[in-house]
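Predicted model only: the values in this text are computed from it and were never measured.
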Amino acid sequence: MKVSTEQREPREAVLTVELDNADVEPYLDQAYRQAVRRLSIPGFRKGKAPRRIVEQMFGRGYLLNEALDTVIQEFTSKAVQEEGLDIGGIPSVSLDGFDPPQFTATVPLQPLVDLGNLDSVRHPKEDVELPEDRVDATLEQMRMELAVWEPAEDAVQMDDLINLTIEGWVEDEDGTRREIVHSEDTDYIPRPNSTFPVPGLDEGLVGLPVGEQSTFDVEVPEDATNAEAAGKTAHFEATVHSIKRRSLPELDDEFAKSVGDDYESIEALRDKVRENLLEREKRLAEIRHQDETLAKVTEEASVAISPLIIEHEVEHYVHGREDDIKAGRVGFEEYREYLSWQGMSDEEVHEQARPKVEERLKRAHVIRAVAQREGFEATDEDVAEEIDRLLADSGEMAEEHRKQLDDPDSRESIRRMLVQRRTLEYLSNLALRDAPGAAKPKARAAASKSGGAKPRQTKTPARQTRARRQQGGAKDA
């Protein structure tokens with residue numbers, strides 16, 4: 001094997017690999033042994049035809065084509081090791097010659113991060129205030145949760161629990177009736193500003209009596225999300241079968257005791273609610289400060305990343321979002337982003353996702369660079385303690401969950417999470433170093449029990465090479 005290497009910015013190495021027959025021969029023999037088992041050759045039972053017969057009938061190129069995936073993967077790995085490259089992603093390979101194989105592998109190297117003047121970073125943290133109406137609102141929500149539904153005999157009010165039969169429709173210009181809702185004996189709670197199936201339906205239900213069929217119309221706004229009804233008059237027929245209304249408990253000592261045995265008075269409950277809300281707001285403020293500080297550090301840093309790494313991550317991000325949508329695992333912001341992709345070409349979707357992916361990559365490598373600079377690590381003991389903490393409230397399921405968390409992949413994921421957490425805390429403390437009462441960033445020697453980061457070992461791309469074949473009749477990888 002002959003290898004020549006050319007360094008290319010940003011952070012790529014281009015390997016030109018030339019093989020000879022001796023390099024390829026073991027792979028051809030392996031390809032023959034696998035192929036002969038499935039080939040039907042006159043005069044021989046399957047698996048018994050000699051290699052020379054197979055080559056006479058199908059050609060040497062047939063065996064080479066069968067072996068080419070493995071040849072490219074393994075010799076790319078060998079070339080990476082021989083050249084001592086710090087590989088950072090999946091190489092892109094193009095075939096330059098078929099027999100014997102010659103190929104060019106573009107290898108993305110580990111991104112290079114210059115943290116700049118990291119120690120000078122400063123960023124204030126917002127003061128946490130808790131308005132008393134937040135406490136009142138939480139107590140009111142607790143009242144709602146402990147309320148009892150009691151029958152009501154008057155007309156429908158907002159937030160009642162009603163059982164009704166309802167039919168709604170709009171009419172096209174030609175008089176065609178289009179149904180927009182049809183439900184029988186359905187429980188429903190009318191709420192202000194609801195938009196399903198059209199804005200104004202819930203307001204139209206208010207005031208309807210029990211046991212009588214009622215009709216009413218709703219003028220649907222032009223900008224309604226229901227395109228079939230937008231700008232039209234929606235007609236409804238509804239019969240309310242029953243009404244139930246919440247009976248709210250008084251905010252008194254008895255209410256506090258009903259919440260839990262720990263509360264003897266409403267003031268004790270109010271104090272605990274205030275304490276919990278304040279603790280939550282402080283934690284959210286810490287998370288926001290960590291995120292804002294990381295953004296500031298990333299903006300000041302210089303991060304060189306191979307375009308191959310970026311393209312791979314964009315592809316992973318787009319497909320991952322699509323999978324999450326199908327599985328229902330996304331929030332509103334992710335869903336809105338997915339909706340914005342509708343009607344776009346694949347190239348347009350990738351271009352829209354690229355800035356977000358690039359920023360995420362830069363932040364991840366800044367965290368990695370800071371962790372290496374400070375020698376942050378997570379020991380096996382740290383991982384075990386974190387697993388115990390995660391399982392503290394699991395009860396009877398603790399051992400079942402422990403099996404899931406105790407496999408090597410899960411432990412490694414927890415290890416990375418702990419290092420990231422420690423790094424973000426360090427950056428946050430660094431950014432607050434001059435603030436009154438701020439925690440001091442840990443000294444580098446004390447930041448890790450091992451006293452420093454371990455040197456990174458070179459990875460090999462076996463079973464990861466993506467080949468773009470250009471000649472020789474080879475199959476696409």
Test side-chain contact (heavy atoms from CB on, under 4.5 Å) applied to Ser394 - qualifying residues, sequence neighbours left out = Leu391, Ala398, His401
ask   = If we only count heavy atoms from C-beta on, is the Asp380 to Arg415 side-chain gap below 4.5 Å?
value = yes
query = Under the 3.5 angstrom rule, does the side chain of Arg329 hit a backbone N or O of Lys326 as a donor-acceptor pair?
reply = no
request  = Would you confirm whether Arg402, through its side chain, and Asp388, through its main-chain N or O, come within 3.5 Å as a donor-acceptor pair?
outcome  = no
query = Is Lys296 atom NZ crowded by more than 12 heavy atoms from other residues, nucleotides or ligands, each under 6.0 Å away?
reply = no
key: Backbone of Ile162 reached by a side-chain donor or acceptor of Asp160 within 3.5 Å   = no
message = Donor-acceptor pair, distance only, cut-off 3.5 Å: does the side chain of Arg11 make one with the backbone of Pro111?
response = no
ask   = Within the side chain of Asp252, is there an N or O that forms a donor-acceptor pair under 3.5 Å with the backbone of Phe255?
value = yes
task = Decide whether Ser428 and Gln290 meet the rule of one side-chain donor and one side-chain acceptor closer than 3.5 Å.
result = no
ask   = Does Glu313 reach the side chain of Arg360, with side-chain heavy atoms less than 4.5 Å apart?
value = no
ask   = Just by distance, with hydrogens left out, do Glu184 and Thr165 show a side-chain donor and acceptor under 3.5 Å apart?
value = no
request  = Would you kindly say whether Asn163 and Tyr188 are connected by a side-chain donor-acceptor distance under 3.5 Å?
outcome  = no
ask   = How are the rings of Phe376 and Tyr426 set relative to one another: parallel (under 30°), tilted (30 to 60°) or perpendicular (over 60°)?
value = perpendicular
inquiry  = Checking Glu359 against Thr298: is there a side-chain donor and acceptor pair closer than 3.5 Å?
reply    = no
ask   = Would you call the rings of Phe236 and Phe216 parallel, tilted or perpendicular, where under 30° means parallel and over 60° means perpendicular?
value = parallel
query = Between Glu315 and His350, does any side-chain donor sit less than 3.5 Å from a side-chain acceptor?
reply = yes
inquiry  = Can you see whether Glu12 engages Thr106 through a side-chain donor-acceptor pair at a distance of less than 3.5 angstrom?
reply    = no
